[in-house]
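Notes to accompany the following structure.
These numbers were taken from a predicted model, which means no experiment stands behind them. The first residue of the sequence shown is numbered 1, and numbering continues consecutively from there.
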Amino acid sequence: MKLRFLGKNSTVGDCPTLYATDRDTYLVQGWRIFANDLLMRLDLREGETAVEVPTELFEHLTEDGLPAGEIRRVADPIMILTTGGTFVVQGREVTDPDALAQMDIPDYETVVEVPRTAITALLEEPRGADLQRRAQPAL
C-alpha cells in the first residue's frame, strides 16, 4: 500500500495524522480507545477498532484536492463527536507491516483505514439530519 501524507495535528507527544492511500482509502492515525463504556457504544466488526482524533485533522483533506475539510455530519465511519472537540473514527485496523513502517506510531496510538467515499460523504450538507450521537460525555 502506498501512502501519501496529508497532514497532522501535532503537539508534544500527540501525533494524529491523516494519509491518503493508493487504494482509494484514508488512513487515520489517532489515540487508541481504551474506555470500555465508549467501546460498548460502537458496533465494531471483527478486525475493526476505533481511534480518537482532533476534529481539525480533517482540514487536511484539502491536501487531497477536496474543496473543504469540514466534517458536516457524524455517520459511519466517524461515530462520535465528543464534548472535548474530538471525533471517534472506526475502521479496519491497519496491520500491513509495509504501511505501518511508513508511519511513526507511538504505543498509545493505532491506525484505521476507511473508504474515501465514506469520509467525503460526511463533507456534504446533511438533508434535515441532526448530528448523530453528538457531543457524548467526555472520554
Determine the minimum heavy-atom distance between [X] and [Y], stating which atoms define it.
X	Y	answer
V94	A99	CG1-CB, 4.3 Å
K8	C15	NZ-CB, 4.2 Å
G91	V112	O-CG1, 3.8 Å
P77	I119	CG-CD1, 3.8 Å

With a 3.5 Å distance limit and no angle check, can you tell me whether [X] reaches the backbone of [Y] through a side-chain donor-acceptor pair?
X	Y	value
Q102	M1	yes
E109	V51	no
D96	D98	yes
R73	A121	yes
R32	D107	yes
Q90	E48	no
T86	T82	no

Spacing of [atom1] belonging to [X] relative to [atom2] belonging to [Y], to within rounding of 0.5 Å:
X	Y	atom1	atom2	result
T55	E70	OG1	CD	9.0 Å
L66	L123	CG	CG	6.0 Å
L18	R4	CG	CZ	9.5 Å

So, applying side-chain hydrogen bond (donor to acceptor under 3.5 Å, both in side chains) with R116, which one of D64, T25, T21 is it?
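Only one option passes, and that is D64.
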Taking the side chain as everything from C-beta on, heavy atoms only, tell me whether [X] gets closer than 4.5 Å to [Y].
X	Y	value
P54	W31	yes
L122	F87	no
I80	L42	yes
T49	I33	no
N9	V53	no
Y26	L6	yes

Going by the side-chain contact (heavy atoms from CB on, under 4.5 Å) test, name the single residue among D22, T17, L27 that passes it with L3.
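The passing option is L27.
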Common cluster, I78/L61, ILVMFWY with side-chain heavy-atom separation under 4.5 Å:
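Yes, because I78 and L61 connect within a single hydrophobic cluster, where side-chain heavy atoms sit under 4.5 Å apart.
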Does V74 share a hydrophobic cluster with V28, counting links as ILVMFWY side-chain heavy atoms below 4.5 Å and allowing steps through other members?
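In one cluster: yes.
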Apply side chain to side chain contact (heavy atoms under 4.5 Å, CB included) to I105 and L100, showing your working.
CA-CA 8 Å; I105 307 169; L100 293 172; 3.6 Å; yes
